[in-house]
Structure formats: structure tokens, C-alpha cells
Amino acid sequence: MSLRFGVVGTGAIGREHIDRITNKLSGGKVVAVTDVNQDSALQTVEQYNLDAVIYPDDVALIADNNVDVVVVTSWGPAHEATVLAAVEAGKYVFCEKPLATTADGCMRIVEAEMKQGKKLVQVGFMRRYDSGYVQLKEAIDQGEIGQPLMVRAVHRNPEVGENYVTEMAVVDTLIHEIDALHWLVNDDYKSVQVVFPRKTKYAHDKVQDPQLFMIETNSGIVMNVEVFVNCKYGYDIQCEVIGEDGVAYLPEFPSVVTRKNGKLSSGILQDWKYRFMDAYDVEIQDFIDSIGKKGEPQGPTSWDGYIAAVTADACVKAQKTGEKEAIRLQEKPVFYSKDTVCETV
Ligand code: NAP
């Protein structure tokens, strides 16, 4: 039986998810949509030729008995209320990041979910479904490089607009590394310090660029993560894990290599969307399949959303103080203690 999806927020990523559920993946069907901009909801239904009800708001959509799953792709500050209402109604939720804009908000969702007695929520941290990250994690988990000691990660974008301010390097950019890196090494974060190197001439007044985050884990792994959002040359994600017995690298995104005019060269992606396009497909397919087979999503949980929020708060504080700031998580509830697995890649 197909899972019946209701989508809250028909902007860019909302439409992309509707497209993949409708045209690429199996086992799901979009039966309801809503957006504060009702024209956008209507256009989406027409664009994808959906047999779907357009609701005035998320409350009405969640109340529809035909909706099994609520996809939350509205803007960040609206996520918490929608996720809470959906969880309280016992519906499954796929929520794009952030789960909530505050750690307290994430904790309210964690508590509501535990009250329901089963995992209902998956957070859209799609890097865990990228085949390169999956291979890197396998290498680490199988002990190929021994105990991880250090991580060096890079997140570069060609450029950002005038609306991008220093804090967004954490909440919009680093947030993906925040989720992926603790998952990669199976450890929790302990502290973070931020250093601002010499600023690039391409950055506008309101953003420090580049930025270096030094994050330490409970077991003492030190992670150096560079965020450089006006690097000019392309979208570039790198990750290197240095262990006691060897080093493991995130595979480069495949690109044809040419030998021509005395040069060996290959292309670099210009847009982040293409880098993780396959990962989004695998992520939502896994969400559908896991609910079908196990009755619960298996991907990033509400607790992972909470970890991301607490860590992001500490990173933003560290940007402001220049000091080493503690990352203090509450004790992980047993409810979330079973580690999530991505089985489909
Ligand atoms: P977007 O294009 O601005 O779309 C958001 C849509 O939601 C807009 O149509 C907005 O309407 C609507 N909206 C806002 N508040 C709403 C509410 N309370 N109820 C219903 N609809 C509401 O943004 P986007 O790029 O699609 O991003 C959406 C979310 O996905 C963000 O949280 C973003 O961080 C996340 N995201 C994640 C990834 C990823 O890599 N995992 C990638 C992209 C985006 P108005 O335009 O009229 O405000």
C-alpha cells in the first residue's frame, strides 16, 4: 500500500520532494499540500498533475485522515509547530532541517515523540544517504583506519548573496557537517572554537568568510571544519578522517577527466543541488521503505535534530566569543539509543 503524503511548504525543496515522490520513487503518493502562499500550492498541484487536496494550513492538512505522512518543507521557524502537531496526531513526519530553530523546541518534539511510543520523525540530513559518505562510514566502522584521531572537512560554495550573514555559516552551511561528522565517527561533540582567517575580498560586509571550526568530541577526536562560501571556483565538499592505522577520504564527486593542451583536468560542480541529488532520492525511498517494513523511519531522528540544534548554538556562541565553548547535550534517552542505519545503499 502506498504511503499518503501531505506536504507543508511548496517552495523549492517541497516541490523537489513532491516530484521525487510522484515521479521517481515507489510506495508514496502526494494526496495533500498546503503553503502560506496558496497560489504556490495551487501551481504545484498543477505543475505535477497531482490528485491532491489543497488545504488552507498545516492544521487542516494534518487533520486529514487520508494523510499518513507529513512532509515539512516550510521555512525553518514554522517547522516546530507543524512537527509537534503531526506527532501529536500520530502521523509520520519527514522534516527538512532544522527540526526546530531552538534546542528547547527540538526537545519538545523529542518528548512528544517518546510519548507516542515509537519513532515517527526523520530529519532531512541527506548526507547520511550519499554513497560516498556511506562508504567512508563503512571504512571507519569496519576498523580499516583504526581509531579516528582527527577529521578535516571542507564546505565551500562559489558565492553567497547579500542576505547571508556570519551566523548562517553555522545554521545553513556547517549544519550538514554537524550532523554527518558525529554520525561518521560514532561520538558526541564536547566543545567548539572558531577562528576567522583573513577575510576574502569577495565577501560582503556582513559575513566573515572563510571560517574555521575546531570541534572536539568526547573521546578526543579533533575536527577541523572549514566553511568558505565565496571560494569562487565551485561547490566543493571534502572530508578526510585520520585514524591510528590509516586515512580515509570521502570520494570525489565523479567527473570526466580530460588530457588536453598540456593539462590534466576535471570539472567541479557549481551548484550544491547536483552534489546530493541522488542522496535525496535514496533518503526518501529509505523513509518510505522503512515505514513499510519496520513501522518506523530508520534515518536521522528527532534526537539528531536536537544534537544539531545544541551544537549549532555553541558554534554561533563561539563565533561571537572567539573562546572554546562547551557543547552540552542532555543524556540520550534509551528510546533513541539504537543507532540508526542506512541499509539501502
Ligand atoms: P522556500 O523555497 O522559501 O520554500 C518554503 C515555502 O514554505 C515557501 O513557499 C513559503 O511561503 C512556505 N511557508 C513558509 N511558512 C509556511 C507555513 N507556516 N506553512 C506553510 N508554508 C509555509 O525554501 P526552501 O529552500 O524550499 O527550504 C525549505 C526548508 O528546507 C528550509 O527549512 C531549508 O532549510 C530546508 N532545506 C534543506 C535542504 C537540505 O539540503 N536538506 C535544502 C534546501 C532547503 P512564502 O515564500 O510565501 O514564505
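Order of appearance sets the numbers: ligands from 1, and atoms from 1 within every ligand.
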Nearest neighbour in protein (non-hydrogen) for [atom]:
atom	value
atom 32 (O) of ligand 1	Lys97 O, 2.9 Å
atom 15 (N) of ligand 1	Trp75 CD1, 2.9 Å
atom 16 (C) of ligand 1	Ser74 CB, 3.5 Å
atom 42 (C) of ligand 1	Ile13 CD1, 3.4 Å
atom 37 (C) of ligand 1	Glu96 OE1, 3.2 Å

Notebook entry, point to check: Gln122 pairs by side chain to side chain contact (heavy atoms under 4.5 Å, CB included) with which of Ser302, Pro297, Ser290?
Noted result: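 Checked Ser302, Pro297, Ser290 against Gln122; only one passes side chain to side chain contact (heavy atoms under 4.5 Å, CB included): Pro297.
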
Notebook entry, point to check: Is it true that atom OH of Tyr274 has more than 12 heavy atoms of other residues, nucleotides or ligands lying nearer than 6.0 Å?
Noted result: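 Counting neighbours around OH of Tyr274, 12 or fewer heavy atoms of other residues, nucleotides or ligands fall under 6.0 Å, so no.
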
Next item on the list: Taking atom CG of Asp245 as the centre, report whether more than 12 heavy atoms of other residues, nucleotides or ligands fall under 6.0 Å from it.
Entry: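 Yes, enclosed.
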
Next item on the list: If the plane angle is over 60° it's perpendicular, under 30° parallel, otherwise tilted; pick one for Tyr133 and Trp183.
Entry: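 Rings of Tyr133 and Trp183: tilted, 30 to 60°.
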
Note to self: Are Val310 and Arg328 packed together at the side-chain level, in the sense that at least one heavy-atom pair is separated by less than 4.5 angstrom?
What the structure shows: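 Val310 vs Arg328: side chains apart.
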
Could you tell me, atom by atom, which parts of ligand 1 come under 4.0 Å of a heavy atom of [X]?
X	answer
Met126	40 (O), 41 (N)
Gly124	41 (N)
His79	32 (O)

Checklist line | Criterion salt bridge (charged side-chain N to carboxylate O under 4.0 Å, His left out) on Arg128 and Asp304, from CA distance to verdict | finding: CA-CA 12 Å; Arg128 299 188 187 200; Asp304 292 310; 3.2 Å; yes

Run the contact test for [X] against ligand 1 with a 4.0 Å cut-off on heavy atoms, strictly below, and give the result.
X	value
Pro98	yes
Glu16	no
Phe276	no

Heavy-atom pair with the smallest gap, counting every atom of [X] and [Y]:
X	Y	result
Ile140	Pro148	CG2-CG, 3.9 Å
Asp209	Ala203	CB-CB, 3.8 Å
Glu325	Thr321	OE2-OG1, 2.7 Å

Checklist line | Salt bridge Lys119-Glu113, side-chain N to carboxylate O under 4.0 Å | finding: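 No, this pair does not count.
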
Item checked: Lys/Arg N to Asp/Glu carboxylate O, Lys206 vs Glu162, below 4.0 Å ->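 Looking at Lys206 and Glu162, the cut-off is not met.
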
Next item on the list: Answer yes if a protein heavy atom lies under 4.0 Å from atom 40 (O) of ligand 1, otherwise answer no.
Entry: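 Yes, there is one.
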
Next item on the list: Kindly state if atom 30 (O) of ligand 1 has a protein heavy atom within a strict 4.0 Å cut-off, that is, under 4.0 Å?
Entry: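 Yes, at least one protein heavy atom sits under 4.0 Å from atom 30 (O) of ligand 1.
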
Between [X] and ligand 1, which residue portion shows a heavy-atom distance shorter than 4.0 Å: side chain, backbone, both, or neither?
X	value
His176	side chain
Thr73	backbone
Tyr55	neither
Trp272	side chain

Check: Between the side chains of Arg20 and Gln285, does any donor sit under 3.5 Å from an acceptor?
Finding: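 Absent: no donor and acceptor within the cut-off.
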
From [options] - option closest to [atom] by heavy atom:
atom	options	value
atom 4 (O) of ligand 1	Gly11, Ala78, Gly76	Gly11
atom 11 (O) of ligand 1	Asp39, Asn37, Asp35	Asp35
atom 45 (P) of ligand 1	Val36, Val171, Asp179, Val8	Val36

Next item on the list: Indicate yes or no: does an N/O atom of Ala12 lie under 3.5 Å from an N/O atom of ligand 1?
Entry: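 There is such a contact, yes.
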
Notebook entry, point to check: Do ligand 1 and Thr34 have nitrogen or oxygen atoms that lie under 3.5 Å from each other?
Noted result: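 Thr34 vs ligand 1: no N/O contact under 3.5 Å.
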
Item checked: Ring centers of His17, Phe5 separated by less than 6.0 Å ->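 For His17 and Phe5, the ring centres are not under 6.0 Å apart.
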
